[in-house]
Each structure stands twice: as C-alpha cells, then as structure tokens.
Amino acid sequence: QVHYRKRKIKDTYPNLIFTTWGTVDRPRQVIVSDMTAFKFWIFYFEVTFYFDVFTKEILAYRIAARKGDRYQYINGLEDVKELLKRHTEPVVLHTDQGSVYASKAYNDLIKDSVIVRSMSRSGKPNDNPVNEFMDFKIEECRRREEFAEVLERYVDFYNNRRPCYAIGYDTPVNYRKRYYGGEIERKNTFEGRSLTEEPKFVAKRRKQAHA
C-alpha cells in the first residue's frame, strides 16, 4: 500500500505547475528562471537565465558582478517585463525558493504586470525543469569580457541554430514564429491542468491498485 504524507511546510508562493509542464501550449505562458554557476580556470561566474517553457528559448540572462550578487536576478526580470509589456494574458513565472526569488524587492517588480508567481516546493528541486548547456569552449576564456562574449554567442546559437529535441528538432525562435504564424495549434491544455501534490508514481500505483 502506498503512503504519501502531506508536507507541513508553507511555501512563499503556490506551485502552479507541479508535473503539468506538458500542458503549456503557447509562448510566454510559463517562464522559468534559475541561476547557473560556471567554474573554469580561476573564474567563477553566476548567470541567471529566464527560459520560455513552450519554445525552450532563452528570453533573458544576466551575469553577476560578483558572487552572491542579487542584481542579475532583478535586471533579468526587468528584461522579461520589457518583453511582456504588450501582453495581456497571464504569464506564470516559476522559480525555486531562493532568497532573491522570495524577496519582497524582487516580487514588488511584478506588481501591476501580467506576471503571476509560482514556486517549487521547498526541498523539491525536481519541481523545476532542467535546461541543458552544451560546451562552448568557455574554459578558454581568460577575461570576464571574453566570457560575456562567448555566452552571448552561445545564447544566439541556442535560440536560433541549435535543433531542440523537445520541440521536434526545431529551433526555439523558429518554433515561436511558427506558432504565431498559425502553423502550431494552441490546444488550451494549460488552463485545464490538474494540480496535485501527489507524485505521478504514487497516482499511478493508486490507480493500478483500484484497477
């Protein structure tokens, strides 16, 4: 018999996604953000990325001025707000419960905007989708400026030329263009998603037990 104990931790913002990533059906509907640390030679750089879940496109990124800096998160969010300034439909911004993402200063930026906050559950890193990065020879960089240039070239490659398996080996930018050109149907699946804290494997076993 499967036992699943409900969590007693109260999260800063509700999880509006859980395991329903596959229901996202349009660009700019769900955006995820996370910080990635790059360590090579004598360097340590923290970069905050904002991804479009539907197209897999990197919408914005910022390099930290120093370790532990919070402004790359905030400046990246400002970039996202600029992209969304003409949008009227709600946009879910999903993050982990990092101190900056949970801070008042960060979340005050989205007041009077179409952005709705969502957070992974505390202690549940698998609530955030994983985005992969290919080697782009950053280990050869010897200056911060070189790293910034390589990262800029990589983001251009990632968005415009790298085939992505999750979107049928299309590129993120072209996939977005195809959607707005009417080639990709909007299925309205996201609005009908079923939110539950119960893990998929628990639900599957429960269903099998009653079959």
Side-chain angles (χ1 to χ4, degrees), residues 4 11-34 48-61 76-77 79-97 101 107 110 112-121 124-134 155-208 210-211:
Y4 178 64
D11 299 318
T12 307
Y13 288 95
N15 188 327
L16 302 179
I17 309 294
F18 286 111
T19 58
T20 63
W21 299 105
T23 67
V24 179
D25 55 32
R26 66 169 172 83
R28 311 311 196 246
Q29 187 174 53
V30 178
I31 295 172
V32 295
S33 179
D34 204 356
T48 297
F49 292 91
Y50 289 83
F51 287 86
D52 186 314
V53 171
F54 183 73
T55 66
K56 317 305 178 189
E57 185 179 358
I58 298 175
L59 301 177
Y61 70 94
L77 181 56
D79 294 339
V80 170
K81 284 178 58 182
E82 182 66 20
L83 287 174
L84 299 176
K85 64 181 182 181
R86 295 178 182 174
H87 280 247
T88 56
E89 295 184 276
V91 179
V92 175
L93 173 60
H94 185 83
T95 69
D96 60 27
Q97 296 204 33
Y101 290 130
N107 290 287
I110 66 171
D112 302 320
S113 75
V114 296
I115 298 175
V116 179
R117 289 291 276 117
S118 172
M119 276 188 165
S120 301
R121 295 165 291 175
K124 299 285 185 178
N126 291 336
D127 280 356
N128 249 1
V130 176
N131 295 285
E132 61 179 277
F133 289 87
M134 295 171 57
V155 170
D156 176 71
F157 165 75
Y158 183 98
N159 285 339
N160 293 284
R161 297 191 298 280
R162 173 183 174 272
C164 179
Y165 169 79
I167 52 176
Y169 292 103
D170 202 348
T171 64
V173 169
N174 193 60
Y175 194 70
R176 170 168 50 85
K177 290 179 179 178
R178 287 174 57 205
Y179 175 88
Y180 288 121
E183 292 184 44
I184 300 172
E185 178 187 5
R186 176 170 175 174
K187 301 178 181 179
N188 293 319
T189 50
F190 188 69
E191 286 78 2
R193 67 195 185 282
S194 178
L195 298 178
T196 174
E197 292 189 26
E198 186 176 63
K200 281 186 175 181
F201 78 92
V202 174
K204 184 177 180 180
R205 290 181 183 178
R206 192 186 305 279
K207 185 176 180 181
Q208 291 173 343
H210 289 84

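The first residue in the sequence is number 1, and the count goes up from there.
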(message) Do Asn174 and Arg178 make a side-chain contact, defined as non-hydrogen atoms from C-beta onward lying under 4.5 Å apart?
(response) yes
(request) Rounded to the nearest 0.5 Å, what's the gap from CG on Asn159 to CZ on Arg176? Could you check? (result) 8.0 Å
(message) For Phe51 and Phe49, take the angle between the two ring planes, folded into 0 to 90°, and tell me which bin it lands in: parallel under 30, tilted 30 to 60, perpendicular over 60.
(response) tilted
(message) Between Glu191 and Arg26, does any side-chain N to carboxylate O distance fall below 4.0 Å?
(response) no
(request) Compare every heavy atom of Val173 with every heavy atom of Asn160, then report the nearest pair and how far apart it is. (result) OD1-CG2, 3.4 Å
(request) Any chance you could measure Lys177, atom NZ, to Thr55, atom OG1, to the nearest 0.5 Å? (result) 12.0 Å
(message) Is any side-chain heavy atom of Gln29 closer than 4.5 Å to one of Val53?
(response) no
(message) Are the side chains of Asp52 and Arg28 in contact, using a 4.5 Å heavy-atom criterion?
(response) yes
(request) For the residue pair Thr95 and Arg117, confirm or rule out a side-chain donor-acceptor distance under 3.5 Å. (result) yes
(message) How long is the straight-line distance from CG of Asn15 back to OG1 of Thr20, given to the nearest 0.5 Å?
(response) 8.0 Å
(request) May I ask you to check whether over 12 heavy atoms, not counting those of Tyr180, lie within 6.0 Å of atom OH? (result) yes
(request) Drop me the distance from Leu93's CG to Met119's CE, to the nearest 0.5 angstrom. (result) 9.0 Å
(message) Restricting to side chain to side chain contact (heavy atoms under 4.5 Å, CB included), what partner residues turn up for Val92, sequence neighbours left out?
(response) Leu16, Ile17, Val30, Ser118, Phe190
(message) If the condition is side-chain hydrogen bond (donor to acceptor under 3.5 Å, both in side chains), which residues does Asp79 pass it with, not counting sequence neighbours?
(response) Arg62
(message) Quick one: does any side-chain atom of Asn107 pair with a main-chain N or O of Tyr101 as donor and acceptor, under 3.5 Å?
(response) yes
(request) Heavy atoms only: give me the nearest Gly76-Ala60 pair and the separation to one decimal. (result) O-CB, 4.0 Å
(message) Testing Tyr13, Trp21, Phe18 one by one against His94 for a ring-ring contact (aromatic ring centres under 6.0 Å, His included), which residue passes?
(response) Trp21
(request) Give the ring-plane orientation class for Phe54 versus Tyr175, where under 30° counts as parallel, over 60° as perpendicular and anything between as tilted. (result) tilted
(message) Within this structure, what is the CG-NZ distance for the pair Asp170 and Lys56, rounded to the nearest 0.5 Å?
(response) 12.5 Å
(request) Go through Arg161 and Asp156 one step at a time and tell me if the side-chain contact (heavy atoms from CB on, under 4.5 Å) criterion holds. (result) CA-CA 8 Å; Arg161 297 191 298 280; Asp156 176 71; 2.7 Å; yes
(message) Can you give me the closest heavy-atom contact between His87 and Val114, atom names plus distance?
(response) O-CG1, 3.3 Å
(request) State the CG-CD1 distance between Leu83 and Ile31, to the nearest 0.5 angstrom. (result) 7.5 Å
